[in-house]
Amino acid sequence: MNYSELSEQEKQRREALEELRKLGIEPYPGELFPLTHSAEDVLSKFEADPDSFKEVCLAGRVMTRRIMGSASFAEIQDESGRIQFYFRRDDICPGEDKTMYNTVFKKLVDIGDIIGAFGYVFKTQTGEISLHVREFKILTKSLRPLPVVKEKDGTVYDAFSDPEQRYRQRYVDLIVNPEVKDKFRKRTELVRSMRNYLTGKGYMEVETPILQPLYGGAAARPFKTHHNTLDMTLYLRIANELYLKRLIVGGFEGVYEFAKDFRNEGMSRFHNPEFTQMELYVAYKDYEWMMNLVEEMVERIALDLHGTTEVKYGEHVINFMRPWKRFSMYEAIQHFTDVDVSEMDESQMKEQAEKFGIKVDDSMGRAKLIDEIFGEMCEHKLIQPTFITDYPVEMSPLAKKHRSKPGLVERFEAVVNGKEICNAFSELNDPIDQRKRFEEQVELGKRGDEDAMQLDEDFLRAIEHGMPPTAGLGIGIDRLSMIMTDAQSIQDVLFFPQMRPEKVQHQIPEIPGVPEPWQQLLIKMGIDSKEKLMAANPNKLFNDLGGMRKKNKVDAPLPKVEEIKEWMVS
C-alpha cells in the first residue's frame with residue numbers, strides 16, 4: 001500500500017510502531033506469553049476465592065482506554081470476554097524512568113493493540129473486578145483502527161452492522177460484535193452433538209473424495225477443475241452419497257461423513273455455493289426407520305444446545321419435540337391448494353403449474369414441475385418440523401420404489417420454517433432399475449436440464465456386486481445451524497461466506513492546494529477534483545468538514561473558512 005493512501009490514523013500507528021522500535025521494544029515478539037487465566041475465569045471465580053488471584057497473567061485486545069494522569073484504566077478483550085486493567089505509573093515504572101507509562105502506554109498503545117499484563121486482581125471502589133497491572137508487554141501492534149462501537153443509556157452508536165462489511169471482514173465483526181461468536185459456538189456444539197449421537201449408535205465416521213471424476217448423488221450443477229498430471233477434468237463434489245454407498249457395498253453397515261459440498265448455483269440467504277452436510281447410510285434399514293432417527297437426533301440437538309425442544313426463530317417458536325407432522329408430497333399439495341395432481345401427466349401438470357402462476361419451460365419434466373408446485377405453493381407454509389414423504393419416482397433417481405404405492409418412491413424431506421433441512425431415502429439397490437433411472441436423467445440433460453444426474457458406471461458396477469437394503473440421509477448443517485441460532489441468513493452461520501469481488505479502490509488524483517488530512521475527507525464527501533472544490537460553498541464546506549472531522553476522529557484543528565477559500569484559489 002502506498003503511504004499516501006493511508007488514513008491519518010493509519011499513518012499515526014505506523015509512526016508509533018517505529019517509535020516503539022526506537023525504544024528497543026519489539027511490537028511483534030516471538031516468545032511464548034505465559035497466560036494463567038482468562039477474563040471469564042477471573043470474573044466468575046474471584047469473589048469465591050480472591051486469594052487465588054494474587055499472581056495473574058492475562059492478555060487480550062485493548063478495546064477502551066481512560067487516561068487519568070498518573071493512573072489509567074483500559075478494557076481488555078480476550079476470547080472469553082472483557083475485563084478492566086488498572087495501570088498506575090509508579091507500579092509499572094518503580095524507578096526514575098517512567099517511559100513505559102508516560103510514553104509507551106499513554107502515547108504509543110492504541111485501541112486494537114494486543115497486550116499482556118502481570119498483576120493481581122482486586123475490586124475497585126465502584127465494585128468492578130479488575131487486574132492491577134504491575135508489568136505489561138505489547139504483544140501485537142495494530143496498524144488499522146477498529147470501528148469504535150459506543151453504547152450510552154442502552155443505545156448503540158457507530159455499530160459495525162453493515163452485512164457486507166461484516167461478512168467480508170469477519171475478523172473485525174468477531175472483535176467488535178462479540179455476540180457473533182455465540183452463533184459459531186452453537187454451531188460447533190450442534191456438530192458435536194450430532195457426532196456424539198451417531199458415534200453412540202456405533203456408526204463410523206469416514207472421509208470420501210471431494211475431487212470426483214463424475215459428480216453425482218444430487219441434482220445440481222458442479223464446479224469443474226482440471227488435474228494437470230492426469231490431464232483430466234475433475235469436479236468438486238455436489239454430494240458424497242455414491243461413495244458412501246460403495247462403502248455399504250464393501251461391508252460397513254453404518255457410515256457417516258460431515259462433508260463440504262459445492263454447487264455452482266445461485267446465492268441467497270439460504271444458499272452458499274460451498275456448504276456443509278452430514279450424510280449417513282445404515283444397512284438393513286428403511287426410510288421409516290430413518291425418519292424416527294432424524295426426529296430423535298434433532299430433538300437431542302435442541303436439548304443439548306438450549307435445554308428445551310422449543311427454539312425461537314424470528315417470529316416463530318419451533319418445537320422439535322417428537323413426533324413431527326407427516327404429509328406425502330401429493331397430500332401436501334392437495335392440502336394447501338385443494339388440487340389433486342397425483343394422476344396428472346406432464347402436459348396436465350404443466351397446465352396446472354401455469355394456473356398457479358409458475359413459470360415453466362420445455363426442459364421441465366413431470367418431476368421438476370411437481371417440485372416447482374410444491375416449492376411455490378406449500379413449502380413456505382410449513383413452519384413446524386414436518387416430514388414430506390413418498391415422492392414421485394421421476395423426482396428421485398436414487399430412491400427405492402415404494403413398496404405399496406405405484407409411481408412413488410420411499411423418500412422424505414424434513415421441512416422447518418419453510419425450508420428443507422434434510423433429504424432421505426430407502427436407497428435404490430436394484431442395479432437394473434438404477435441404470436434405467438440414470439438413463440432417464442441423461443435424457444433430461446439432453447433436453448436442457450442442467451441439474452440432471454450423470455450415468456456413473458463404476459457406481460452401477462458396485463451395486464451389481466450387491467448392496468444390502470439401506471436407509472440414507474443428508475442433513476444440511478448450515479440450515480439447521482440457522483434455525484438453532486436464530487440466524488436469518490446462511491451468511492450468519494458461515495465464518496467466511498462467498499462474496500462478490502471487492503471493488504478496487506482506485507487512487508484518486510490529489511486536489512491541488514488542499515493539505516492532509518482534509519484532502520481525504522473531501523474525497524469521502526464526493527469532492528474529488530479542483531473543479532468540484534471551486535464550485536462548493538466555503539461556509540457549507542466548513543460545517544461539513546467539522547462533521548467529517550468528528551466522525552473520522554481527526555486530531556488536527558479544523559481549518560477556518562478563510563483557509564478553505566485559499567484552497568479554492570491556490
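The figures here come from the full heavy-atom set of this structure, side chains too, leaving out hydrogens, waters and symmetry mates.
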Exercise: identify the closest heavy-atom pair between [X] and [Y]:
X	Y	result
H226	T233	ND1-N, 4.0 Å
P29	E26	CD-O, 3.3 Å
K98	C93	NZ-O, 2.7 Å
A353	V360	CB-CG1, 3.8 Å
T276	D478	N-OD2, 3.0 Å

Partner residues of K123 under the salt bridge (charged side-chain N to carboxylate O under 4.0 Å, His left out) criterion, sequence neighbours left out: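 Scan of K123 (salt bridge (charged side-chain N to carboxylate O under 4.0 Å, His left out), adjacent residues dropped) gives E47.
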
Side chains of [X] and [Y]: does their closest heavy-atom pair fall under 4.5 Å?
X	Y	result
E40	E79	no
V317	V311	no
N102	K106	yes
R185	K181	yes
E413	C422	no
M482	D492	no
F275	R263	yes
W518	P559	yes

If you measure only the distance, is there a donor-acceptor pair under 3.5 Å linking the side chains of [X] and [Y]?
X	Y	value
S130	Q84	yes
E257	N240	yes
Q77	R61	no
S38	D41	yes

Charged N to carboxylate O below 4.0 Å: is that the case for [X] and [Y]?
X	Y	value
E265	R221	no
E10	R13	no
E31	K137	yes

Return yes if some donor-acceptor pair links the side-chain N/O of [X] with the main-chain N/O of [Y] below 3.5 Å, else return no.
X	Y	value
K54	G119	no
H380	N417	no
N264	F223	no
D110	D113	no
R65	F105	yes

Whether H132 and Y120 hold their rings parallel, tilted or perpendicular, with breakpoints at 30° and 60°: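 It falls in the parallel class, under 30°.
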
From CG (L108) to CG (L23), nearest 0.5 Å: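 So the CG of L108 and the CG of L23 are separated by 6.5 Å.
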
Six-ring centre of F270, K419 cation under 6.0 angstrom, axis tolerance 45°: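 Yes - K419 lies over the ring of F270, closer than 6.0 Å to its centre and within 45° of its axis.
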
Distance flag, aromatic centroids of F87 and F73, threshold under 6.0 Å: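 No, they do not, as the ring centres are separated by 6.0 Å or more.
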
Verdict with reasoning, D91 to R134, per salt bridge (Lys or Arg N to Asp or Glu O under 4.0 Å): CA-CA 6 Å; D91 289 339; R134 287 199 181 105; over 6 Å; no

E179 atom CD, over 12 foreign heavy atoms within 6.0 Å: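 Yes, the 6.0 Å shell around CD holds more than 12 heavy atoms from other groups.
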
Counting only pairs under 3.5 Å, give me each side-chain donor-acceptor contact of residues 169-176, with atom names and distances, residues two or more places apart or in other chains.
unit_1: R170; atom_1: NE; unit_2: F495; atom_2: O; d: 2.9
unit_1: R170; atom_1: NH1; unit_2: D173; atom_2: OD2; d: 2.7
unit_1: R170; atom_1: NH2; unit_2: Q491; atom_2: O; d: 2.6
unit_1: R170; atom_1: NH2; unit_2: L494; atom_2: O; d: 2.8
unit_1: D173; atom_1: OD1; unit_2: R166; atom_2: NE; d: 3.0
unit_1: D173; atom_1: OD1; unit_2: N177; atom_2: ND2; d: 2.8
unit_1: D173; atom_1: OD2; unit_2: R166; atom_2: NE; d: 3.4
unit_1: D173; atom_1: OD2; unit_2: R166; atom_2: NH2; d: 3.3

